[in-house]
There are 2 protein chains.
Amino acid sequence: MEVKKLKMSMTNVLKSDLKKILLDCGIQPSFQRLAIFEYLYQHDVHPTVDMIYRSLSRDIPTLSKTTVYNTLNLFIKKGIVTGLTIEENEMRYDYNVKPHLHLKCTKCKKIWDIKCDASFSNLNLIEGHRILEKQVYLKGICRSCLKKQKK
Amino acid sequence: MEVKKLKMSMTNVLKSDLKKILLDCGIQPSFQRLAIFEYLYQHDVHPTVDMIYRSLSRDIPTLSKTTVYNTLNLFIKKGIVTGLTIEENEMRYDYNVKPHLHLKCTKCKKIWDIKCDASFSNLNLIEGHRILEKQVYLKGICRSCLKKQKK
DNA sequence: TTCAAATTTGAATTGAATCCAAATTAATGT
DNA sequence: ACATTAATTTGGATTCAATTCAAATTTGAA
């Protein structure tokens with residue numbers, strides 16, 4: 001009971017915080033947009049459009065997939081969400097303010113976050129080109145699959 | 001006349017070299033495969049499947065797009081070609097043995113090669129994950145577009 | 001030459017992403 | 001409150017890269 005109450009109030013505080021972030025970016029925080037933003041905030045598994053759509057559809061039965069696409073493209077344009085193309089077939093979306101890298105496991109296909117320890121130079125000018133955005137994509141075998149291999 | 005002759009013999013030398021590379025990788029160097037490999041070797045502009053197909057079709061009218069897809073996937077599996085997903089909509093292919101980064105210009109949409117000066121750590125184990133492949137995707141404004149801006 | 005395996009081909013299919021016009025909702029002015 | 005305009009959402013249709021698959025062709029071995 002106590003825990004549930006606390007959790008609910010936390011959720012509410014969070015929602016208003018997220019609303020503020022959207023407003024600060026000049027994005028009207030509509031019901032759908034806030035729901036999608038909240039989903040991204042709570043699910044750091046680099047979800048696909050379909051995952052977001054299927055999950056939110058249960059609560060918002062009228063939700064359209066086009067709205068999910070529209071909203072995510074808007075978020076990307078405003079810079080609060082990143083689109084990952086490490087998956088060859090479909091885009092994945094990521095809300096993460098801290099700089100980090102992505103590793104795709106070739107075994108389990110999961111995309112892991114790697115805390116970036118500034119291992120990559122933070123120049124903003126390389127060979128005369130102005131660098132605005134950096135993404136490091138790693139491919140390999142994740143530690144959980146490595147453990148399974150050993151057995 | 002002299003130049004043409006020289007160029008032809010160079011092309012021949014090159015072709016047999018490329019054939020050897022394929023054989024060394026356990027790839028039967030069929031006419032189509034060799035043509036696709038040669039195209040990648042000569043065109044470092046990160047071509048799409050369609051670009052490769054349209055160009056080679058003029059010399060090989062019976063060429064099928066599926067063959068291009070099959071061949072490129074085979075090359076990737078054998079590790080002599082890299083597939084770039086920096087473009088959000090379509091795959092681009094790259095034959096380049098030397099380590100390098102890719103920069104996509106947000107203005108002219110071109111993908112530039114950046115000579116990698118080992119600016120990224122070459123660990124093969126990060127946070128317990130085994131790293132097999134690294135790709136650094138940069139986005140920004142290329143030097144040629146920056147020059148145009150200044151005028 | 002003959003037969004089996006490898007390779008190529010093109011039509012059909014899949015599915016992520018976009019387009020677009022209509023419907024709905026929110027914002028503004030009177 | 002009401003009307004009018006703008007912003008947002010919706011779903012069906014469309015696009016197009018990529019894959020599937022069975023048939024045709026080519027290659028290699030016996």
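All chains are named by letter (A, B, ...) in the order of the sequence lines, taking the proteins before the strands, and each is independently numbered beginning at 1. All values derive from a computational prediction rather than experimental measurement.
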Neighbour count >12 (heavy atoms, 6.0 Å) for atom OH, B:Tyr39:
yes
Expected list for residues 43-65 of chain B near DNA chain D, using heavy atoms below 4.0 Å, is none
When rounded to whole Å, the CG to C1' distance for the pair A:Leu23 and D:dA7 reads 15 Å
Side-chain atoms of A:Gln28 come closest, of C:dA27, C:dA16, C:dT7, to C:dA27
Check: Donor-acceptor pair, A:Thr85 side chain versus B:Thr85 backbone, under 3.5 Å?
Finding: yes
Phosphate OP1/OP2 of D:dT20: any B:Asn70 side-chain N/O under 4.0 Å: no
Against the side chain of A:Arg33, the closest entry in C:dT18, C:dT8, D:dT9 is D:dT9
### Message
Is there a side-chain contact between A:Thr67 and the phosphate of D:dT10, meaning an N or O under 4.0 Å from OP1 or OP2?
### Response
yes
Requested in this report: Please check the phosphate of C:dT8 (OP1 and OP2 only) for any side-chain N or O of B:Ser30 closer than 4.0 Å.
Outcome: yes
* Asked: Does a side-chain N or O from B:Gln32 land closer than 4.0 Å to OP1 or OP2 of D:dT26, or not?
  -> no
Taken to the nearest whole Å, NZ/A:Lys77 to C1'/D:dT8 is 14 Å
Should A:Ile141 and B:Ile126 be counted in the same cluster of Ile, Leu, Val, Met, Phe, Trp and Tyr side chains packed under 4.5 Å apart? no
From the candidates C:dA17, D:dT9, D:dA18, the one with an atom nearest any side-chain atom of B:Glu90 is D:dA18
Exercise for the section: Flag yes if A:Val81 and B:Tyr137 sit in one hydrophobic cluster, no otherwise; membership is Ile, Leu, Val, Met, Phe, Trp, Tyr, and two members link when side-chain heavy atoms are under 4.5 Å apart. Expected result: no
Regarding the side chain of B:Thr66, the nearest nucleotide among C:dT8, C:dA11, D:dT10 is C:dA11
Please check if the side chain of B:His46 supplies one atom and the backbone of B:Tyr93 the other of a donor-acceptor pair under 3.5 Å. no
Taken to the nearest whole Å, CD1/B:Ile27 to P/D:dT27 is 18 Å
Whole-Å distance, A:Arg92 CZ to C:dA16 C1', equals 13 Å
Here the distance between atom P of D:dT8 and atom CG of A:Asn73, to the nearest Å, is 14 Å
Closest non-hydrogen contact found for A:Phe75 with A:Leu22 is CE2-CD2, 3.8 Å
B:Phe31 CZ to D:dT25 C1', in whole Å, measures 15 Å
Worksheet item: Hey, does the side chain of B:Asn89 come within less than 4.0 Å of D:dT15's phosphate (OP1/OP2), counting only N and O?
Response: no
Counting only side-chain N and O atoms of A:Tyr69, is one of them less than 4.0 Å from OP1 or OP2 of C:dT18?
no
>> Tell me if a side-chain donor or acceptor on A:Arg143 pairs with a main-chain N or O of B:Glu127 at a distance below 3.5 Å.
In response: yes
